[in-house]
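A note on names: the letters A, B, ... follow the listed sequences, proteins ahead of strands, and every chain is numbered from 1. The model shown is predicted, which means the values in this text are computed figures rather than measured ones.
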There are 2 protein chains.
Amino acid sequence: MKVINDSPRRKVLTRQAAQLFVQEGFDRTTVRMLAQEMGIKSGSLFHHFRDKQEILAAVIEEGTQNALAIARATLEHCGPTAEARLQAMARAHLETLLTDRNAHVVALYEWRRLDAQARDHLSHLRDAYEALWEAVIDDALAAGLIHGDRFLVARFVMGALNWTVRWYDPNGPRSPDDLAHELVAMITHRPA
Amino acid sequence: MKVINDSPRRKVLTRQAAQLFVQEGFDRTTVRMLAQEMGIKSGSLFHHFRDKQEILAAVIEEGTQNALAIARATLEHCGPTAEARLQAMARAHLETLLTDRNAHVVALYEWRRLDAQARDHLSHLRDAYEALWEAVIDDALAAGLIHGDRFLVARFVMGALNWTVRWYDPNGPRSPDDLAHELVAMITHRPA
DNA sequence: GGATCAACCAAGCAAGCGCTAGTGTAATTC
DNA sequence: GAATTACACTAGCGCTTGCTTGGTTGATCC
């Protein structure tokens with residue numbers, strides 16, 4: 001019985017699981033519900049995942065990997081100014097939060113359901129992502145674009161952005177780009 | 001069998017429940033765990049609360065009521081300038097988040113576990129609290145202290161503040177007052 | 001054309017869940 | 001001093017949970 005793999009099939013199952021985890025929360029999502037969503041029986045589920053927790057870890061891992069990849073790509077293809085980079089990161093963050101919404105909502109809400117070992121592994125990924133942010137914020141501080149404690153500024157900005165999953169309506173009038181603009185304007189000590 | 005009451009005993013039990021809900025999450029907290037924490041047997045628990053959900057609602061209600069009361073009191077005892085009011089609200093929010101931490105973490109993480117009727121009742125309370133914020137932000141906008149869309153600014157600020165529960169260390173070097181200062185400085189388009 | 005293997009299923013176990021029923025008891029009320 | 005009340009107990013019902021077991025299927029490989 002092979003359990004750990006990253007077959008394409010597993011990716012699909014992971015995405016379906018994310019959907020359910022968002023709707024019901026991790027604890028209320030039973031393996032029977034997961035299996036039904038996947039079109040298999042509950043027993044078969046354990047052919048793809050060692051246990052229920054591993055499904056959660058897979059969901060969060062995929063979302064974080066995507067966010068990291070998108071952020072890196074974005075930073076390579078935007079202008080070199082501190083303002084452009086700041087704005088690009090904000091937009092990338094919001095777009096990830098919306099296109100890959102399920103995985104990120106799960107990461108935000110169900111992080112504490114991970115066992116110690118998964119949490120350790122995944123927090124390294126998250127640290128890598130946050131390091132990108134801190135670099136961009138350092139640039140903005142050095143350029144005089146914003147002022148203050150880099151640690152605090154980074155966390156305030158991430159908080160404002162992550163909080164959007166609780167109120168943002170993708171079908172509303174505002175685009176992710178609008179939000180990024182508005183946020184950067186808010187924290188920038190310089191007329192846009 | 002009387003069930004609904006707001007005896008002082010119930011307040012204590014509610015606070016103990018909040019503690020457990022933070023540690024384990026609502027779903028993973030069993031009525032047996034709650035009862036043990038309270039020093040009674042699981043059956044006795046249902047003398048004080050109709051069911052498990054009612055305990056959750058009680059926890060969140062108490063936290064929100066406190067936040068609302070503190071915010072109102074703070075607004076009455078601070079200076080009249082837009083900046084003073086903004087700062088006072090930020091500090092009040094952070095202090096509530098820290099002194100009454102358990103209840104607020106529960107409100108943030110377990111909101112969706114409320115049944116429709118409790119959620120309806122409590123969202124009115126929350127709306128009242130957010131209305132205070134929007135008034136303060138309107139003042140700040142009118143005073144030219146900050147710029148932008150009032151809806152977005154309010155949500156960005158609340159996001160930055162609420163996110164603090166995930167990283168703030170009460171035993172660290174920074175006081176809530178420091179945080180409030182830094183946040184207001186960050187979003188204020190005017191040298192402090 | 002036998003061997004291998006991933007993918008699935010039916011059946012069910014042991015544990016734990018929220019909650020109820022019925023009872024005991026000390027304090028309070030009339 | 002009888003009745004009521006608040007609060008706690010014991011015992012357990014009915015159900016769901018995550019997960020295991022043992023076996024079947026169809027495709028692929030040599």
Mind calculating the distance between [atom1] ([X]) and [atom2] ([N]) to the nearest angstrom?
X       : N      : atom1 : atom2 : value
B:Leu45 : D:dA6  : CG    : C1'   : 15 Å
A:Asp51 : D:dT20 : CG    : P     : 8 Å
A:Phe46 : D:dT21 : CZ    : P     : 12 Å
B:Met38 : D:dA8  : CE    : P     : 11 Å
B:Gln36 : D:dC9  : CD    : C1'   : 16 Å
A:Phe49 : C:dA6  : CZ    : P     : 16 Å
A:His47 : D:dT25 : NE2   : C1'   : 13 Å
A:Arg28 : D:dT16 : CZ    : P     : 14 Å

Nearest to the side chain of B:His48, which nucleotide is it out of C:dG18, D:dA8, D:dT20?
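Per side-chain heavy atoms of B:His48, the pick is D:dA8.
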
Would you call B:Glu62 and B:Arg10 a salt bridge, using N to O less than 4.0 angstrom?
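Answer for the salt bridge query: no.
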
Distance to the ring centre below 6.0 angstrom and angle to the axis at most 45 degrees; does that hold for B:Arg112 and A:Tyr109?
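Ring-cation test returns yes.
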
Has A:Arg166 got its NZ or CZ under 6.0 Å from the middle of the six-membered ring of B:Trp111, at an angle within 45 degrees of the ring axis?
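Judged by the rule, A:Arg166 and B:Trp111 form no cation-pi pair.
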
Taking atom CD of B:Glu130 as the centre, report whether more than 12 heavy atoms of other residues, nucleotides or ligands fall under 6.0 Å from it.
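Yes, enclosed.
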
Could you check whether atom NE2 of B:His147 has more than 12 heavy atoms from other residues, nucleotides or ligands sitting under 6.0 Å from it?
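Yes - once you tally the heavy atoms of other residues, nucleotides and ligands closer than 6.0 Å, there are more than 12.
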
Here's a test for you: under side-chain hydrogen bond (donor to acceptor under 3.5 Å, both in side chains), which of B:Arg72, B:His93, B:Gln65 qualifies with B:Tyr129?
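With B:Tyr129 as partner, B:Arg72, B:His93, B:Gln65 yield a single side-chain hydrogen bond (donor to acceptor under 3.5 Å, both in side chains), made by B:His93.
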
Within residues 15-25 of chain B, find the residues that approach DNA chain D with a heavy atom at under 4.0 Å, and present them sorted by residue number.
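Within this stretch, nothing sits under 4.0 Å of the strand.
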
Just to verify, what does B:Phe156 make a ring pair (Phe, Tyr, Trp, His ring centres under 6.0 Å) with, not counting sequence neighbours?
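For B:Phe156 there are no ring pair (Phe, Tyr, Trp, His ring centres under 6.0 Å) partners, ignoring immediate neighbours.
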
Between the protein and nucleotides 9-12 of chain C, list every N/O to N/O distance that falls short of 3.5 Å.
unit_1, atom_1, unit_2, atom_2, d
C:dC9, OP2, A:Lys41, N, 2.5
C:dC9, OP2, A:Ser44, OG, 3.1

Pairwise side-chain contact, B:Trp167 with A:Leu152, heavy-atom cut-off 4.5 Å (strictly under)
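With C-beta onward as the side chain, the pair touches.
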
Kindly indicate whether the side chain of A:Arg28, heavy atoms from C-beta on, has any atom under 4.5 Å from the side chain of A:Met33.
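When only atoms from C-beta onward are counted, A:Met33 and A:Arg28 do not touch, as no gap falls below 4.5 Å.
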
